[in-house]
Protein chains: 2
Amino acid sequence: MAAEGLGKVTMRRLAKELGTGPASLYVYVAGTTELHAAILDELLGEVEVPASADVRCEDDEEDEEDAAGWERRLIGPLGSYTLLLFRYPGLARSALVARPSGPHYLDLIERVLALLAEGGVAPDRAAWGVDLLLQHATATAAEQTDRDESPVADEEWQAVRRAVHGVDPGRHPHIHVASSRLLSGTPDARFTWAFRALLHGIKHTPVPSDDPSHD
Amino acid sequence: MAAEGLGKVTMRRLAKELGTGPASLYVYVAGTTELHAAILDELLGEVEVPASADVRCEDDEEDEEDAAGWERRLIGPLGSYTLLLFRYPGLARSALVARPSGPHYLDLIERVLALLAEGGVAPDRAAWGVDLLLQHATATAAEQTDRDESPVADEEWQAVRRAVHGVDPGRHPHIHVASSRLLSGTPDARFTWAFRALLHGIKHTPVPSDDPSHD
DNA sequence: ACCTGAACACCGTTCAAGT
DNA sequence: ACCTGAACACCGTTCAAGT
């Protein structure tokens, strides 16, 4: 269906690919956002979400070994999702604006919720946390893909580096002393760290109240 | 300079506003992303970043009271930044793609770094954390502003609600049992919680190593 | 009834021509 | 030299007209 649209998926481009006018697509989808959502869910279905064996270690509290394993298992589906969005520039941006709700996206949510439960995260925190995790994955992908898209990206990145390194020590003392730290780390190392920080925060931050008045 | 461009800031619109052709803008800026970056930094300058009195309580470890106060102080500049992006749809999306590096953005980073240091966050974690915090603020704003932009937003949100509530309990048991929790909470409550989770995670997640080989 | 050509209202960017 | 009109190559969406 959309296996060929590796680049920027657009109404007109897709219509041309199918040898027709752009108006024809509106018979099947309501607009661009719906098209993108459909494609994303289709692609999610093709991704082999690592169906990690359902080994459940029901110890009261997980030890250090288990905590690391839990994190690694969780980074599986979330990493796959991020890499998927990386491959299709523009789709990440769409996913950020219009939260998908297709069946395969629900599979992803289900998987993450299951793993969070395995890790001993309280249900209410897990429910809010899954959103935070997926938003972070989407935002990271949107950031990176669009950066690669333009050839000016490197130049702009250099501008950031120059701005940080050439900062006035009087006005920005903290930036000055942290300049190399601010720019350090590979994208992958940063993603992994951010992911672990999110997990830690989600697990240990209580949701405001059990207020069931909403909804 | 750009005080009137409350809506979608675009090359052609701005050119029309100034009573000239779109080509003229290219004398002053290199392209759309640079224009957006300039506007964002300009707007950041107008925002009164809450210049909280430099009360430094140099106790060895902060007690519960202090921890809450620290979080509240940090949410000041980050909240202002988020609200600013809320007011200018499209600017948040730009900021996500092209990280700003203007002087006022550096002020914001400086402020956040200072507050993180006040809160006893290790310098290397603070350096990576400030990026995570600002990315979250930007992503949240991008998400929301674009949602408001389109009138189909409500309908689409209803689709998500229906998808979550009407889920097959066999295929998605965790979603089924968590359905109301997944949709609960005001945007503000969620933002505050996510923010606190981020802070907690940043403070307690060690950066991979002091590897100074990079850069 | 179902599909679509052509038009409308936008974009960003470039470049040759004007002052 | 500096600015810009007009053109180029795109968008999404609509709607009247065709089959």
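Below, chains carry the letters A, B, ... as their sequence lines are ordered, and counting in each starts from 1. All values derive from a computational prediction rather than experimental measurement.
A sub-4.0 Å separation between OP1 or OP2 of C:dT13 and a side-chain N or O of B:Thr32 is present. Phosphate proximity of C:dC11 to B:Arg13: present, with a side-chain N or O under 4.0 Å from OP1 or OP2. One finds a side-chain N or O of B:Ser24 lying less than 4.0 angstrom from the OP1 or OP2 phosphate oxygen of D:dT4. Here B:Thr20 reaches the OP1 or OP2 of D:dT4: one of its side-chain N or O atoms lies under 4.0 Å away. Considering only side-chain N and O atoms, B:Thr10 lies under 4.0 angstrom from the phosphate OP1 or OP2 of C:dG12.
Ranking C:dC11, D:dA6, D:dT13 by closeness to the A:Tyr26 side chain, first place goes to D:dT13. The nucleotide whose nearest atom lies closest to any side-chain atom of B:Val27 is, among D:dG12, D:dG5, D:dC3, D:dC3. For B:Ala23, the listed nucleotide lying nearest its side chain is C:dC15; candidates were C:dT4, C:dC15, D:dC3. The side chain of B:Met11 approaches C:dG12 more closely than any other nucleotide in the set C:dG5, C:dG12, D:dT4.
Checked against a 6.0 Å centroid threshold, the rings of A:His136 and B:His136 do not count as neighbours.
Atom C1' of C:dA17 sits at a distance of 13 Å from the matching atom of D:dC2, rounded to the whole Å.
Taking the ring centre of A:Trp128 as origin, the terminal cationic atom of A:Lys203 falls outside the region bounded by 6.0 Å and 45° from the ring axis.
Within the shown strands, C:dA7 is the pairing partner of D:dT13 under the Watson-Crick or G-U definition, both distances less than 3.5 Å.
For A:Arg12 and A:Leu25, each mapped to the nucleotide of DNA chain C holding its nearest heavy atom, the one lying further toward the 5' end belongs to A:Leu25.
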